[in-house]
Amino acid sequence: MKFLLWAFLSAILWGLTGCSHELERVDGPIYHCDDYDITPDSVDMHTGMILRACGDSAIMVRVEGNTLRTIRCDGSHRSRGTFRYKSDYPLFDALLRLETSRGLDEIYTLSTPYELFLNPFVGAEGEGLLNGRMRNEYLIPSQTRRYCWPVINDNPQWILAACEIFKITANRYSLERIARLAANTATVDRTVCRGDFTGLISGIPRYMAAPQEIFPSWIGSGELSQAATFSVNAAWWAALKSMQDIAASMALRNERAPMQEMSIDPDSLRSLVFRHFWNPTEGRFCAMLYGHAIGQLQLGASDNLAQGLAIITGLPLQGMSEMMVAKTPAPVTGVSLFSPRLSREFGKNLPSEALARVIWAVASSRVGNDKAYNAAVGALLYGVCNEVLGGRHALPALRYPLATLVLRGICGITTAFEGLYFAPCVPSGMPGTKRVEGLRYRKSELSITINGIGNRLVSFTIDGKETEPFYPANEEGRHEIVVTLSSDMKECEADFSDPGIVADPPVVEWTSPQDASFFVSGVDDRNVKRLAYVNGIPVDEVSSRHYRIDDVPFPSTVQFCMVEEGHSPGFATPPHLYLPPEACRTVELAGVARKGSRILEDRKLGERFVESTKYRNRRIAFDVTVPEKGVYAVDVHYVNGLGIVNPRRRTALRRLVVDGNERGIFVFTQLSPVDWDNDPSRDWQMMTGFTNPLKVPLDSGRHMFELRYYQPNPVYIDPFSNTVVADQVRIMRCE
């Protein structure tokens, strides 16, 4: 009896001392830095403005002690996917009530797939938003005034979000639609967008196709369609892995998953991502591969939105994830979309910048880096408060950023078909008790109480019963989950420095096929150096004003980058393709097909070209004799200024067939009028470029080549604009 009494009193004393120790810290700041101070009930913006919470129902904007305005936080009109939240931090609670009172915007934006992935509890409302992007079991491609698919590729993000919502709703009809659409989309992307030389899926995410000029002028639609980004490939891996997990979970429960065989293998894609994007020196993934497809090089910048999403979905190994969070520059005002930034202005006040801050906070929690996590939470609150001060609280840059932090970071929820997994993590700057109420999940309504800080789980109970940190999907009714955490967290490093800006490329002039001269400007007076990249690999540091390519047997690409001391390489110069004598053969299409074009106004010029449409020159065939067995790169030279007559899609496709075997798809991107209207001296009829090169193994001797009209479906390519005006095919020995 004495023993039981002693144990009871000890338990009470332990609980009181533990709680009192944590509650003492609540009076301190959530986060303090030179730019702002956040306390439990206010934030000092260090500009004379202070936001102070009145409970969780109102926020006062105060200037020098005077109340400028009061913002009411009415949380009574909540949409599905939101919840009630209570903590020892009135400011956080009020801001969360403010964002959940807005409801789910019915407009589909570039952030929508990411937002729905992060907060899939919106369920059917989210399904409705995603379904608006479907047509004939394909995705309507994203496009801007300048770019469309395959330059912009947001396909995998949609599939990833749809799979995540299915894990919440378990809507079998929705899963069947997702499976068919995913199979169709993967087939199209692999057929058209897969790079022959890397095996990666090419194209850029929508947020990289910003109105601001973030790339050097030589990187146009053709170059971007051949570039491979970490964002697109990491999202494709995550989408495919999510579908695999759903199918495996349903099979374990003797349910048939309507998944179809996918044309992209996630394991192979993951290996390619590690091989081409991981930078072990920097401890981060590079944002993209760009340049000529024969030898693309890594961009000296990381995409932090994509990196954070990769950590959340489990793409990197654990050690890699920890290194990414520790070594990526993430200032206390918020991680930038790219590190270093791609331009001085790009990313400011964009939804993608706010999205990167949310994702980075969740990613920091997943690796248990308390130092980075505290700063990321502070930056997230700082960004939300800036929106409130700017008067944009009625039209936020991002849906439910704080709700996402609560669900994915503090509660650490990972969704699965079989249920919800929990890996809670509370930053040390926010001790105390946090309570989530009214979270609806399938046929359940959950209340979640989290005590303590850190990420080491002491106990996890459901309705008072100790269990694994998992809530089964087949449960029904209301349930109470209580989590107790320990403050034990390992020491981690974090980089709060300014990420800087990617350096501009040096100015170079090729005076001969093998000789380059550099224009020396004031930038060379700084402590910088020039690196020469051959086939995407840095081979030389160029100290003089001249550079000469060594004699090589195969075509080689050469580019130069500026590198400042202590910084990553900047943007590269345009790729110079050096073709050794006898390494290239050309075929004039006007000599093998019906020549002339009704599109080109200059008839004499038109006689040099061949126009290929759905009805004319649908198949162009010609013979090519090669002297040696080897691997050849084949591309097509064409007029790429047809945006003036092809404004709807600005892309055409042709299939290459060699000796009766299909070898790939040529992508003919077209510059839109936006690209060249600002320069009246440029004649769109004289604007030309090369398609993506395709790898073709050939034996010595004669071979039959064919260019065939290719139309995947009218959703992606307008059949009435699938027009090509080309003059030459180039066959280059590359191996």
Closest approach of K167 and I246, non-hydrogen atoms and distance? CE-CG1, 3.9 Å
Over all heavy atoms of both residues, which pair between A403 and E99 is shortest? Give the atoms and the distance, please. N-OE2, 2.8 Å
If every non-hydrogen atom of M243 is compared with every non-hydrogen atom of M259, which pair is closest and at what distance? CE-SD, 3.5 Å
Would you please classify the geometry between the Y207 ring and the F338 ring as parallel, tilted or perpendicular, with 30° and 60° separating the classes? tilted
Using only atom types and a distance under 3.5 Å, with no angle test, would you say the side chain of Q711 pairs donor to acceptor with the backbone of N713? yes
Short question: side chain of S444, backbone of E475 - any donor-acceptor pair under 3.5 Å? yes
Does R172 reach the main-chain N or O of A170 with its side chain, forming a donor-acceptor pair under 3.5 Å? yes
Honestly, is R442 close enough over F417, meaning NZ or CZ under 6.0 Å from the six-membered ring centre and within 45° of the axis? yes
Tell me, with the steps shown, if N153 and W236 meet side chain to side chain donor-acceptor pair (under 3.5 Å). CA-CA 10 Å; N153 193 338; W236 257 121; 4.7 Å; no
Do R97 and D93 pass the salt bridge (charged side-chain N to carboxylate O under 4.0 Å, His left out) test, and can you show the C-alpha distance, the side-chain angles, and the key distance before you say yes or no? CA-CA 6 Å; R97 280 172 62 92; D93 297 357; over 6 Å; no
Would you indicate whether the side-chain heavy atoms of M208 and M288 approach each other to under 4.5 Å? yes
To the nearest 0.5 Å, how far apart are CZ in F422 and CD1 in I450? 8.0 Å
Separation between CG of L110 and OG of S142, rounded to the nearest 0.5 Å: 8.0 Å
Between S87 (side chain only) and K434 (backbone N and O only), is there a donor and an acceptor less than 3.5 Å apart? no
Any non-hydrogen side-chain atom of T613 less than 4.5 Å from a side-chain atom of T723? yes
With side-chain contact (heavy atoms from CB on, under 4.5 Å) as the test, would you mind laying out the steps for T669 and N640 before giving the verdict? CA-CA 7 Å; T669 61; N640 62 3; 5.8 Å; no
Can you establish whether the number of heavy atoms outside R253 located under 6.0 Å from its atom CZ is more than 12? yes
For K86 and E437: C-alpha separation, side-chain torsions, deciding distance, then whether salt bridge (charged side-chain N to carboxylate O under 4.0 Å, His left out) applies. CA-CA 8 Å; K86 187 68 176 178; E437 293 182 341; over 6 Å; no
Going from OG1 on T191 to CZ on R655, what distance comes out if it is rounded to the nearest 0.5 angstrom? 7.0 Å
Look up atom CG in L420 and atom CD1 in I448, then write down how far apart they are to the nearest 0.5 Å. 8.0 Å
Would you say that T109 contacts L129 through its side chain, given a criterion of any heavy-atom pair below 4.5 Å between the two side chains? no
Between F230 and L315, does the side-chain contact (heavy atoms from CB on, under 4.5 Å) criterion hold? Intermediate values first, please. CA-CA 11 Å; F230 177 69; L315 172 65; 3.9 Å; yes
If you measure from CD1 on I159 to CD1 on I178, what distance do you get to the nearest 0.5 Å? 9.0 Å
Decide yes or no on side-chain contact (heavy atoms from CB on, under 4.5 Å) for Y709 and R654, but give the supporting numbers first. CA-CA 5 Å; Y709 180 88; R654 293 296 180 271; 3.7 Å; yes
Treating E223 as the side-chain partner and G220 as the backbone partner, does any N or O pair qualify as donor plus acceptor under 3.5 Å? yes
Does any non-hydrogen side-chain atom of F668 lie less than 4.5 Å from one of T651? no
Please report the shortest heavy-atom distance between L96 and F83, naming the atom on each side. CD2-CE1, 4.1 Å
So do the side chains of Y441 and T415 get within less than 4.5 Å of each other, counting heavy atoms only? no
Between V188 and N155, does a side-chain contact (heavy atoms from CB on, under 4.5 Å) hold up when you go through it step by step? CA-CA 10 Å; V188 171; N155 291 338; over 6 Å; no
Less than 6.0 angstrom from the centroid, inside 45 degrees of the normal: does R408 satisfy that with respect to the ring of F117? yes
Which pair of heavy atoms, one from S242 and one from L160, lies closest together, and at what distance? CB-CD1, 4.3 Å
Side chains of P401 and R357: closer than 4.5 Å at any heavy-atom pair? no
Is there a donor-acceptor pair closer than 3.5 Å between any side-chain N or O of W158 and the backbone N or O of L130? yes
Distance (rounded to the nearest 0.5 Å) between L181 CG and N136 CG: 10.5 Å
Is there a side-chain contact between Y108 and I140 (heavy atoms, below 4.5 Å)? no
Verify, without hydrogens or angle tests, whether N233 (side chain) and L200 (backbone) share a donor-acceptor contact under 3.5 angstrom. no
Look only at the side chain of R177 and the backbone of Y173, and say whether a donor-acceptor pair between them is shorter than 3.5 Å. no
Among I264, T313, L272, V273, the one residue meeting side chain to side chain contact (heavy atoms under 4.5 Å, CB included) with W237: T313
Using modelled atom types and a 3.5 Å cut-off, is there a donor and acceptor pairing between side-chain atoms of N722 and backbone atoms of L653? yes
Can you find a pair of side-chain heavy atoms, one from W149 and one from V192, that are under 4.5 Å apart? yes
Considering all heavy atoms, the nearest T144-A209 contact: CG2-O, 3.9 Å
Is the backbone of E115 close enough, under 3.5 Å, to the side chain of N119 for a donor and an acceptor to pair up by distance? no
Between R435 and E480, is there a salt bridge with N-O shorter than 4.0 Å? yes
